[in-house]
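Nothing fancy with the numbering, it's 1 onward along the sequence.
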Amino acid sequence: MAELIEKKQLNNIATWMIPIKQTNLPSVLKGVFFMDGNPLPDTCITMYNLEWDTQKRSLDLPVFAPLQWTFHNSIGGWILLYFIQWFKVTYKIQFTDETLQQAQIIPFLLGIEISTSIVSFTMSQDKNSSNGDIWHRKNVWFGGFSRAGEYTLCKVVGEDGRYTPAFNNMLTRVPNECLVIARNSKDNAYSNPI
């Protein structure tokens, strides 16, 4: 089925980037996260509605899934969104142990794993943050040649559905209007890319 693209507003993200099914996602991963400092034209992610593998301490995050990711409403945002859809970009988030402090993020394009010798993405929970409010996203490209694209994940909507103190900061730093892959809705559809 073709995926539709909708325009949404970040200032009411807690009303539409929500859990729609119960999963066993750990509390520290619940909520909506702002990619603070991300140089790419995407803004927020959620890990809601994804199945957590308790034994492997991992989850698969399909970037092209409905309402998992927001993109800027710009030429760059549209290009990135189409790239994500065409290549079915997915991230496997694999935590190192049961403390859920450190994780390796393994990208897949068209179901093919990208080697860590090409790119090594990691995330680590800030030692001073509570309940997974701040994560540091680090990137190592081609064995250390570049560290481009690093940023901080800040929780802007908590597990309880309330906005965190980081929410207002996000609204001052990025455009309010964003693009999302729709959840099989025909309302406000702007594109039929596939």
Side-chain angles (χ1 to χ4, degrees), residues 8 10 12-38 40 42-71 80-81 84 88-109 111 113-114 116 119-140 149-171 173-174 178 180-181 183:
K8 295 278 192 183
L10 292 175
N12 65 359
I13 196 168
T15 66
W16 53 266
M17 192 173 259
I18 58 174
I20 59 166
K21 68 177 185 175
Q22 287 289 348
T23 66
N24 53 356
L25 190 67
S27 183
V28 294
L29 301 178
K30 291 181 179 178
V32 176
F33 297 87
F34 167 47
M35 294 178 271
D36 189 6
N38 181 13
L40 293 176
D42 48 352
T43 306
C44 292
I45 66 167
T46 189
M47 290 171 256
Y48 281 139
N49 308 310
L50 303 175
E51 291 299 331
W52 172 254
D53 187 325
T54 305
Q55 292 193 353
K56 294 182 180 178
R57 297 180 305 276
S58 68
L59 62 86
D60 293 332
L61 173 56
V63 180
F64 57 91
L67 300 177
Q68 291 295 149
W69 213 274
T70 72
F71 302 86
L80 180 59
L81 197 156
I84 296 294
K88 300 294 184 197
V89 176
T90 300
Y91 293 116
K92 181 180 194 70
I93 303 174
Q94 177 68 62
F95 284 86
T96 56
D97 60 37
E98 61 280 345
T99 67
L100 306 183
Q101 297 288 310
Q102 306 276 339
Q104 182 75 42
I105 302 170
I106 305 159
F108 288 79
L109 302 179
E113 181 178 339
I114 306 303
T116 54
V119 61
S120 178
F121 296 155
T122 60
M123 64 186 266
S124 58
Q125 192 173 168
D126 187 284
K127 291 179 175 61
N128 298 316
S129 76
S130 61
N131 197 29
D133 289 347
I134 300 173
W135 298 83
H136 301 288
R137 273 278 296 105
K138 302 293 181 188
N139 304 324
V140 176
E150 297 183 335
Y151 58 87
T152 303
L153 277 174
C154 299
K155 193 177 289 190
V156 292
V157 180
E159 179 180 356
D160 60 4
R162 295 182 186 181
Y163 295 113
T164 70
F167 177 73
N168 287 329
N169 177 53
M170 175 189 73
L171 293 180
R173 306 204 36 216
V174 294
C178 65
V180 296
I181 297 172
R183 186 172 281 124

Steps toward side chain to side chain contact (heavy atoms under 4.5 Å, CB included) verdict (Ser58, Lys92)
CA-CA 7 Å; Ser58 68; Lys92 181 180 194 70; 3.7 Å; yes
Donor-acceptor under 3.5 Å ([X] side chain, [Y] main chain):
{"X": "Asn139", "Y": "Gly149", "answer": "yes"}
{"X": "Gln101", "Y": "Thr96", "answer": "no"}
{"X": "Arg137", "Y": "Thr122", "answer": "yes"}
{"X": "Gln68", "Y": "Val63", "answer": "no"}
{"X": "Thr43", "Y": "Phe71", "answer": "no"}
{"X": "Asp53", "Y": "Lys56", "answer": "yes"}

May I have the step-by-step check of side chain to side chain contact (heavy atoms under 4.5 Å, CB included) for Val89 and Leu109, ending in yes or no?
CA-CA 5 Å; Val89 176; Leu109 302 179; 3.4 Å; yes
Closest non-hydrogen atom pair, [X] against [Y]:
{"X": "Val156", "Y": "Phe34", "answer": "CG1-CB, 3.6 Å"}
{"X": "Leu29", "Y": "Met47", "answer": "O-CB, 3.9 Å"}
{"X": "Pro107", "Y": "Phe121", "answer": "CG-CE1, 4.1 Å"}
{"X": "Thr46", "Y": "Leu61", "answer": "O-CD1, 3.7 Å"}
{"X": "Lys155", "Y": "Asn131", "answer": "NZ-O, 3.0 Å"}
{"X": "Gly158", "Y": "Tyr48", "answer": "O-OH, 3.9 Å"}

Under the side chain to side chain contact (heavy atoms under 4.5 Å, CB included) criterion, do Trp69 and Ile84 qualify, and how do the steps go?
CA-CA 10 Å; Trp69 213 274; Ile84 296 294; over 6 Å; no
Could you check if a side-chain atom of [X] sits within less than 4.5 angstrom of a side-chain atom of [Y], using non-hydrogen atoms only?
{"X": "Thr23", "Y": "Leu50", "result": "no"}
{"X": "Lys88", "Y": "Pro62", "result": "no"}
{"X": "Cys154", "Y": "Asp36", "result": "yes"}
{"X": "Leu59", "Y": "Tyr91", "result": "no"}
{"X": "Met170", "Y": "Leu10", "result": "yes"}
{"X": "His136", "Y": "Lys127", "result": "no"}
{"X": "Leu40", "Y": "Tyr151", "result": "no"}
{"X": "Ile114", "Y": "Ile106", "result": "no"}

Do the side-chain N and O atoms of Gln104 and Ser120 include a donor-acceptor pair separated by under 3.5 angstrom?
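Result is yes, a qualifying pair exists.
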Indicate whether any N or O donor in one side chain lies under 3.5 Å from an N or O acceptor in the other, for Glu159 and Ser27.
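There is such a pair between these side chains.
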State the [atom1]-[atom2] distance between [X] and [Y], to the nearest 0.5 angstrom.
{"X": "Leu67", "Y": "Trp16", "atom1": "CG", "atom2": "CH2", "result": "6.5 Å"}
{"X": "Glu51", "Y": "Leu25", "atom1": "CD", "atom2": "CG", "result": "9.5 Å"}
{"X": "Phe33", "Y": "Asp133", "atom1": "CZ", "atom2": "CG", "result": "7.5 Å"}
{"X": "Asn168", "Y": "Arg173", "atom1": "CG", "atom2": "CZ", "result": "13.0 Å"}
{"X": "Met123", "Y": "Leu100", "atom1": "CE", "atom2": "CG", "result": "9.5 Å"}
{"X": "Leu80", "Y": "Asp42", "atom1": "CG", "atom2": "CG", "result": "5.0 Å"}

Which residues satisfy the ring pair (Phe, Tyr, Trp, His ring centres under 6.0 Å) test with Tyr163, sequence neighbours excluded?
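Only Phe167 meet the ring pair (Phe, Tyr, Trp, His ring centres under 6.0 Å) criterion with Tyr163.
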Taken in chain and number order and not counting sequence neighbours, the residues that satisfy ring pair (Phe, Tyr, Trp, His ring centres under 6.0 Å) with Phe108 are none
Checking Ile18 now: which residues fulfil side chain to side chain contact (heavy atoms under 4.5 Å, CB included) with it, not counting sequence neighbours?
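Once residues adjacent in sequence are excluded, the partners of Ile18 under the side chain to side chain contact (heavy atoms under 4.5 Å, CB included) criterion are Ile20.
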Please report the C-alpha distance between Met35 and Leu153 in whole Å, then the side-chain angles of each, then the deciding distance to 0.1 Å, and finally whether the side chain to side chain contact (heavy atoms under 4.5 Å, CB included) criterion is met.
CA-CA 5 Å; Met35 294 178 271; Leu153 277 174; 3.7 Å; yes
